[in-house]
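The structure appears below as structure tokens.
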Amino acid sequence: MASAHLSPVIVTLRANPTFMSGLVAWMVAQASKVLTTYVVYRRWDLRMLVGSGGMPSSHSALCLGLTTSVALSHGVGDALFPVCLGFSLIVMYDATGVRRHAGMQAEVLNMIIKDLFQGHPVSEKKLKELLGHTPLQVVAGALVGILVGWWCCLTPR
């Protein structure tokens, strides 16, 4: 009965295991960031629900959720699988490489600005430091994605 009130697009997406794998993996990873932030820093930070960086990587979770779903739904011999796998590997490499180092540079620049202009701030706004991920955060996100992708494909709709 509830499905009758939903848009046909939403009904179709809800029945698509690949779409649901990516969406649910991302949501699980983002919610997990709130919990891991609490465990590490002993404070609730609900901004982590939509923020980048942190444990686990939601980018990796989403990508590996999609890739796992494609592998289980279409097979690894399908042309879509290497596209998803390549996309996932690029995203995970970028998260631990370029984005992580950009965050580390932002941290150093914030310290330099604070030291050089102490008492005379150049800007009240600091550069965002939590951009990328450690390899462990990427692997944890990948595991979340694989588990969610597997669950979404094997759960009957």
Side-chain angles (χ1 to χ4, degrees), residues 1-107 125-157:
M1 184 69 176
S3 295
H5 299 295
L6 293 176
S7 160
V9 173
I10 293 174
V11 172
T12 302
L13 288 175
R14 280 184 53 200
N16 183 326
T18 302
F19 176 80
M20 291 306 294
S21 294
L23 179 65
V24 172
W26 178 81
M27 290 170 52
V28 168
Q30 288 298 117
S32 297
K33 289 179 184 187
V34 175
L35 295 174
T36 57
T37 300
Y38 177 77
V39 168
V40 172
Y41 300 107
R42 295 285 182 223
R43 64 180 167 80
W44 292 106
D45 187 357
L46 295 179
R47 291 174 298 178
M48 293 305 288
L49 284 171
V50 293
S52 62
M55 170 69 103
S57 165
S58 56
H59 291 88
S60 297
L62 184 147
C63 291
L64 263 292
L66 293 173
T67 303
T68 301
S69 176
V70 166
L72 294 173
S73 298
H74 302 281
V76 295
D78 190 86
L80 191 54
F81 177 73
V83 172
C84 289
L85 183 61
F87 172 72
S88 296
L89 294 174
I90 289 168
V91 167
M92 292 187 298
Y93 175 79
D94 181 61
T96 58
V98 176
R99 288 180 59 234
R100 181 168 181 231
H101 286 93
M104 293 164 65
Q105 289 173 354
E107 188 176 351
K125 188 174 181 181
K126 290 177 64 175
L127 297 171
K128 184 171 170 114
E129 297 173 6
L130 192 56
L131 294 173
H133 294 282
T134 65
L136 178 62
Q137 292 169 338
V138 169
V139 169
L143 290 174
V144 168
I146 291 168
L147 291 173
V148 169
W150 175 79
W151 179 78
C152 285
C153 284
L154 298 180
T155 303
R157 306 232 172 265

Quick check: closest heavy atoms across [X] and [Y], and the distance to 0.1 Å?
X	Y	value
G22	L62	O-CG, 3.8 Å
T67	C84	OG1-O, 3.3 Å
V138	S60	CG1-OG, 3.3 Å
Q30	S58	OE1-OG, 2.5 Å
V83	A79	CG2-O, 3.5 Å
L49	A31	CD2-CA, 3.9 Å

Which value, rounded to the nearest 0.5 Å, describes the distance between [X] atom [atom1] and [Y] atom [atom2]?
X	Y	atom1	atom2	value
F19	S69	CZ	OG	11.5 Å
S57	M92	OG	CE	8.5 Å
L85	L64	CG	CG	8.0 Å
D45	K33	CG	NZ	11.0 Å
S21	W150	OG	CH2	12.0 Å
L23	M27	CG	CE	5.5 Å

Sequence neighbours left out, what passes side-chain contact (heavy atoms from CB on, under 4.5 Å) with I10? Give chain and number order.
L6, S7, R14
As a test of understanding, state which of V34, L35, T36 forms a side chain to side chain contact (heavy atoms under 4.5 Å, CB included) with M48.
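Option passing the side chain to side chain contact (heavy atoms under 4.5 Å, CB included) with M48: V34.
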Short question: side chain of S73, backbone of V70 - any donor-acceptor pair under 3.5 Å?
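Not confirmed, S73 side chain does not pair with V70 backbone.
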Selection residues 68-91 - residue pairs positive for ring-ring contact (aromatic ring centres under 6.0 Å, His included), sequence neighbours left out
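Counting only pairs at least two positions apart or across chains, no ring-ring contact (aromatic ring centres under 6.0 Å, His included) contact touches residues 68-91.
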